[in-house]
Protein chains: 4
Amino acid sequence: MQDPIDSKPRWERRKDARPQELLAAALALFVERGFASTRLEDVAKRAGVSKGTLYLYFENKEELFKAVVRENIVHAIGEAEGGLATDESSVNLLRSILMAWWEKVGSSSSGGLTKLMMTESGNFPELAVFYNEEVVARGNALVARIIERGVARGEFRPVDAALVTNILSAPIIMLMMWNNSYLPCDKKNIDTQAYMAAFIELSLRGLRADGAVAVAAP
Amino acid sequence: MQDPIDSKPRWERRKDARPQELLAAALALFVERGFASTRLEDVAKRAGVSKGTLYLYFENKEELFKAVVRENIVHAIGEAEGGLATDESSVNLLRSILMAWWEKVGSSSSGGLTKLMMTESGNFPELAVFYNEEVVARGNALVARIIERGVARGEFRPVDAALVTNILSAPIIMLMMWNNSYLPCDKKNIDTQAYMAAFIELSLRGLRADGAVAVAAP
Amino acid sequence: MQDPIDSKPRWERRKDARPQELLAAALALFVERGFASTRLEDVAKRAGVSKGTLYLYFENKEELFKAVVRENIVHAIGEAEGGLATDESSVNLLRSILMAWWEKVGSSSSGGLTKLMMTESGNFPELAVFYNEEVVARGNALVARIIERGVARGEFRPVDAALVTNILSAPIIMLMMWNNSYLPCDKKNIDTQAYMAAFIELSLRGLRADGAVAVAAP
Amino acid sequence: MQDPIDSKPRWERRKDARPQELLAAALALFVERGFASTRLEDVAKRAGVSKGTLYLYFENKEELFKAVVRENIVHAIGEAEGGLATDESSVNLLRSILMAWWEKVGSSSSGGLTKLMMTESGNFPELAVFYNEEVVARGNALVARIIERGVARGEFRPVDAALVTNILSAPIIMLMMWNNSYLPCDKKNIDTQAYMAAFIELSLRGLRADGAVAVAAP
DNA sequence: AATGAATGAGGCTTCATTCAT
DNA sequence: TATGAATGAAGCCTCATTCAT
């Protein structure tokens, strides 16, 4: 009965996989339906186990929710911090970080988690603190740093970097929300590519130093 | 025992006031707890009446919510639609409509309703339809009309009005969400006045026709 | 302000009419919807008064129901007892009493009351006793007397009159029930005239003494 | 701890028995109190389980009722449809189907269901549709087929089979109603055996072709 | 006598959580 | 470890009844 690959019996490996399967199922359903409307029975069913089993791994619904957030969001932020090419123009840097944010996070199911946090954080203040520290603060710092760099190099007009960071975040976060809610019902009509392009164009124009030359998208 | 103000007995005037009292209570609780988590009994209690009384004025929970939205948002949109000084420059028009949006709706407790809809519309499709028709569509049309006007008059560069409307909406909506969730725990630190000013400045700069002269805020 | 016809002021006459108006409204609604599903507010509305007024005349819903039954059923039974021409053949006598039962009672809204009694008597045992004594017993006696007469005169074969009375009652009562319920949904297809004719023909054939000649309907 | 009868643990077998226990409890209470007045909590209590358990087996109150009807009436109709010896005389066939109707359904507590439907179908249209399709239509078709057969074979005089079916149904249905209401308080005095015998005798006599010989009950 | 606003008990249904196996 | 039957608290909504005016 010993498994040849590792020293654990097959049945025990199964056990190790359980939490992951449950977290994946929970992520999908929480994103789709929100916290309150997600039934644990459905989570269990989607993970292929019984409702009771869920309670072997997570104390209750709230703890399951926290685990999902930890599993899916904190991890993503680190990667972004590492991958900045610093010899680019600030304009291109800002363009690429915003696009990456959308492409790596926003358009995946993690984008649903962002919406989820906006949505349900009110009912989980403790989670909100955690999320702010590990995700919001770090992500904002990343963007703000680029803006400050652009101002310092005369590429952007002088602006309050923190403020502009919030303003620049807003359309991307909204896109995630629109993508993960039934509001505007004509959301199908929102061309996310066009939206991102227009938003970036608008923002870079708004940011650029008055004497700066026009910037072409790559 | 006659009331000196009007000829109605005190008790009958009570009836006239009831809907307003209930709407106020409902607004506060919906914003604080969300739609699903708000218990009608609490709404009634806050309005100083019993559970059953609520049903004398509103057919059910959804209708109560719609009434709250109508009272607080639809009404404001109507005023905005009427109050456009048409001999203004498009820049000033856009500036004033965005500021009004924030001041009349966003910064009041009505802003919480916007967050509420983003949050829970998925679980209440009927509400989503209602909100889209009465709020989103009308509000967007209002902004889009001004953008098109500005483009037509050469004040703005040529843009897709619907797209830009969505982009311009995003920061304001996000501000409402930030103001009504625990998320940025440093939300107290967001200076909404500065945020709105910076956002509008950024947007108008991004929109203005390349040959246009700088526009001073009034 | 005195009314010339009688000495009561108009307003007081109104008061006298109230119970009748309420009873009429209650009859209609009880027949249409049954006891439990009839809302007193609807009764009041139909009578053109307010809900509170109803309680000035009837102690509660149950008393109203009893009053409706007393008002509408007991009265009808007396008339039938008086109107029997005794020199007819028993066959014709039976035929005419059954037809009268249907035409005078069954097909009117009183037929609905019969159904109502079958329906709701379980919840009003006291009413059931009353109804049995004043209506069922007296009505059955009427029919049984004719059957016994027919047997005694050799027109009918020897039968248990009480038993046959119940059997003969059944199709008529059922017709009232079918006419006052949604069951058989094809009730519109039941031609009550044909039903009564076929039922009487069947019964008289079944009853007639074996040697008797065929009896023509008048 | 293994159960000697079958291999299932005692607790699991419980599940298999639950629906039957619940159906039995529901039948008893529906018959005793009617559909609307029966509280599901009482049904559950009578079956020895909690309110919530009931919903593990039946979607809602109406489905529970349908299940009761299927279990007790539809099932019986199916048997009757199958069990017709076709080489019998139509007279004997009709006699046996009517007796079976009474004995298998009418005189049992299932008879109360028939009364229930007459009583409350008006307030539960969905139930009425269900009952009409699954019970009334099928039951009537069964009887009508025999009548048509008898007419075709010259055993019965020519009659409208649908009409006669309704007439023949009436006394049996009435018997069920009498047996399940307080109405004829002397219902104890109704000898159902004698009633059925007399009714069948009367009907067969009324139906038989004029030239036919007398038919002896088996 | 008449009104109609207000009440609150009661029923159906959902679902997170428990626990015997 | 895994199961899934069972629980029961809680929420929405209805409507007979009351009572201040």
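The sequence lines fix the lettering, A, B, ..., with proteins before strands; numbering per chain opens at 1.
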Nearest-Å distance for atom pair CZ/C1', residues C:R18 and E:dA1: 9 Å
A:E21 side chain reached by A:R18 side chain, heavy atoms, under 4.5 Å: yes
Check against side-chain contact (heavy atoms from CB on, under 4.5 Å), D:L40 and D:K61: CA-CA 7 Å; D:L40 291 190; D:K61 199 180 186 181; 3.8 Å; yes
For C:F58 against C:P19, the heavy-atom pair lying closest together: CZ-O, 4.3 Å
Rounded distance in Å - CD (D:E62) to P (E:dG11): 18 Å
Separation of atom CG in C:L56 from atom C1' in F:dT18, rounded to whole Å: 12 Å
Point-to-point distance, once rounded to the nearest 0.5 Å, from CG of D:N123 to CD of C:E32: 10.0 Å
Spacing of OG belonging to D:S109 relative to CG belonging to D:N180, to within rounding of 0.5 Å: 8.5 Å
For nucleotides 9-12 of chain F, list the nitrogen or oxygen atoms of the protein found under 3.5 Å from its nitrogen or oxygen atoms, one pair per line.
unit_1 : atom_1 : unit_2 : atom_2 : d
F:dA10 : N6     : D:K51  : NZ     : 3.3
F:dG11 : OP1    : B:R39  : NE     : 2.9
F:dG11 : OP2    : B:R39  : NH1    : 3.1
F:dC12 : OP1    : B:T38  : O      : 3.2
F:dC12 : OP1    : B:K61  : NZ     : 3.0
F:dC12 : OP2    : B:L40  : N      : 3.2

Phosphate OP1/OP2 of F:dA5 contacted by D:T53 side-chain N/O (<4.0 Å): no
Of A:S50 and C:S37, the one whose closest DNA chain F nucleotide lies more 5': A:S50
Between C1' of F:dC15 and CZ of C:R33, the distance in whole Å: 13 Å
Rounded interatomic separation in angstrom, taking CD from D:E21 and P from F:dA5: 14 Å
CG-CG distance between D:L22 and D:L64, expressed to the nearest 0.5 angstrom: 7.5 Å
Cationic tip of A:R70 above A:F130 ring, under 6.0 Å, 45° of axis: yes
A:F65 and A:F35 aromatic ring geometry - parallel, tilted or perpendicular at 30°/60° bounds: tilted
Watson-Crick and G-U pairing of DNA chain F, under 3.5 Å, as dot-bracket with | and [ ]: .||||||||||||||||||||
Spacing between A:L64 atom CG and E:dC15 atom P, to the nearest angstrom: 16 Å
Nearest-neighbour nucleotide for the D:Y57 side chain, F:dA2, E:dT3, F:dA5 considered: F:dA5
Whole-Å gap separating C1' (F:dC15) and NZ (C:K45): 13 Å
Value in whole Å for how far the P atom of E:dT14 lies from CZ of D:F58: 15 Å
Salt-bridge criterion met for A:K66 and A:E59 (N-O under 4.0 Å): no
